[in-house]
Amino acid sequence: MIPSLAPAPPQLRFRKVLLKVSGEVLMGDTPYGIDMNTVDGVARDVAEIVKLGVELCLVIGGGNIFRGLSGAAKGMDRTSADYMGMLATVMNALAMQNALERRGVDTRVQSAIPMAQVCEPYIRRRAVRHLEKGRVVIFAAGTGNPFFTTDTAAALRAAEMGCDALMKGTSVDGVYTADPKRDPTALRYDRLSYLEVLSQDLKVMDASAISLMRESGIPIVVFSIRRPGALVDVMLGRGVHTVITETPLAAV
Ligand code: UDP
């Protein structure tokens, strides 16, 4: 037999993932709103892993535009403020869809709050089918319920889609013993267990999101989405990140 000269496909660590990107990442270096260059940078990395054959869905936060708690702090009714926050995530989802489609990635937005003229409603089976067809699905409007966050929405959709991992793309490259932006002695964990995150109250995701991932046995991978190529590295088991699973603490 003539040996194939084609390079072996890269070894993917996960086949189906949900990527959670906080709204704040999309601000880039601007103080507020959507920085399209930053959105395009995330879209470039997403497009690259979709090309590798990964089924990918996305949840994008809304903190760059509106947070329910900050609205409530200014005297707004909490539920109205939370609905404003959920609507903000729809804007981010549409911006990301645009950036992905400009890169030739087929994308569908599904909203937990139906808005027929703007995007599809969230229908689990339909979302699964989109993923099977190689489309990226962006879940917008969080869980559709006030008093929740997009972290919980990300965990919920990751469980519903049967994802192999929940990738949390933030502005730091993992989970640290303290805030590395304030404390230069902070150390990064390579691995953590769900229970360690909960008992030490480490600022990774909401406790409800961590608990749901624990119950579903879905690992959480925390990495910096700001570094170009980091998402690809993590998918290939390289680069700097923190993995949260059921196993006990490894060395810091
Ligand atoms: N939100 C909500 N229910 C959800 C998801 C989000 O009420 O299921 C609201 C909540 O007010 C939140 C805002 O939407 O503050 C934006 O989401 P989040 O703060 O999670 O965004 P991120 O921090 O990821 O940018």
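What you see is a predicted model, and the numbers here were worked out from it, not measured in a lab. In each ligand, atom 1 is the first atom listed, and ligand 1 is the first ligand listed.
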Would you check whether [X] has a nitrogen or oxygen atom less than 3.5 angstrom from a nitrogen or oxygen atom of ligand 1?
X      : value
Thr143 : yes
Pro146 : no
Gly68  : yes
Gly23  : yes

Report the C-alpha distance between Asp35 and Tyr32 in whole Å, list the side-chain angles of each, state the deciding distance to 0.1 Å, and finish with yes or no for side chain to side chain donor-acceptor pair (under 3.5 Å).
CA-CA 9 Å; Asp35 173 42; Tyr32 168 85; over 6 Å; no
Just to be sure I read this right, does ligand 1 sit under 4.0 Å from the backbone of [X], its side chain, both, or neither, counting only heavy atoms?
X     : value
Ser22 : both
Lys20 : side chain
Ile60 : neither
Tyr83 : neither

Contacts table for residues 127-138: side-chain donor-acceptor under 3.5 angstrom, sequence neighbours left out:
residue, atom, partner, partner atom, Å
Arg129, NH1, Glu132, OE1, 2.8
His130, ND1, Arg135, NH1, 3.0
His130, NE2, Glu120, OE1, 3.0
His130, NE2, Glu120, OE2, 3.2

Hey, are the side chains of Val54 and Lys16 touching, using non-hydrogen atoms and a 4.5 Å cut-off?
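No, too far: nothing below the 4.5 Å cut-off.
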Quick check with a 6.0 Å cut-off and a 45 degree axis cone: is Arg78 positioned over the face of Tyr83's six-membered ring?
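Negative - Arg78 is either too far from the ring of Tyr83 or too far off its axis.
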Verify whether one side chain among Thr152 and Asp206 offers a donor that lies under 3.5 Å from an acceptor in the other.
yes
On a heavy-atom basis, I'd like to know which of Ile113, Thr152, Asp82 is closest to atom 7 (O) of ligand 1.
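Among Ile113, Thr152, Asp82, the closest heavy atom to atom 7 (O) of ligand 1 belongs to Asp82.
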Could you work out, for atom 23 (O) of ligand 1, the closest of Met86, Arg67, Met205, Met84 by heavy-atom distance?
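Among Met86, Arg67, Met205, Met84, the closest heavy atom to atom 23 (O) of ligand 1 comes from Arg67.
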Considering only non-hydrogen protein atoms, determine which one is nearest to atom 6 (C) of ligand 1 and report residue, atom name and distance to 0.1 Å.
Phe148 O, 3.7 Å
I'd like to check the side-chain contact (heavy atoms from CB on, under 4.5 Å) partners of Asp45; sequence neighbours left out, ordered by chain and number.
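Partners of Asp45 under the side-chain contact (heavy atoms from CB on, under 4.5 Å) test: Leu231.
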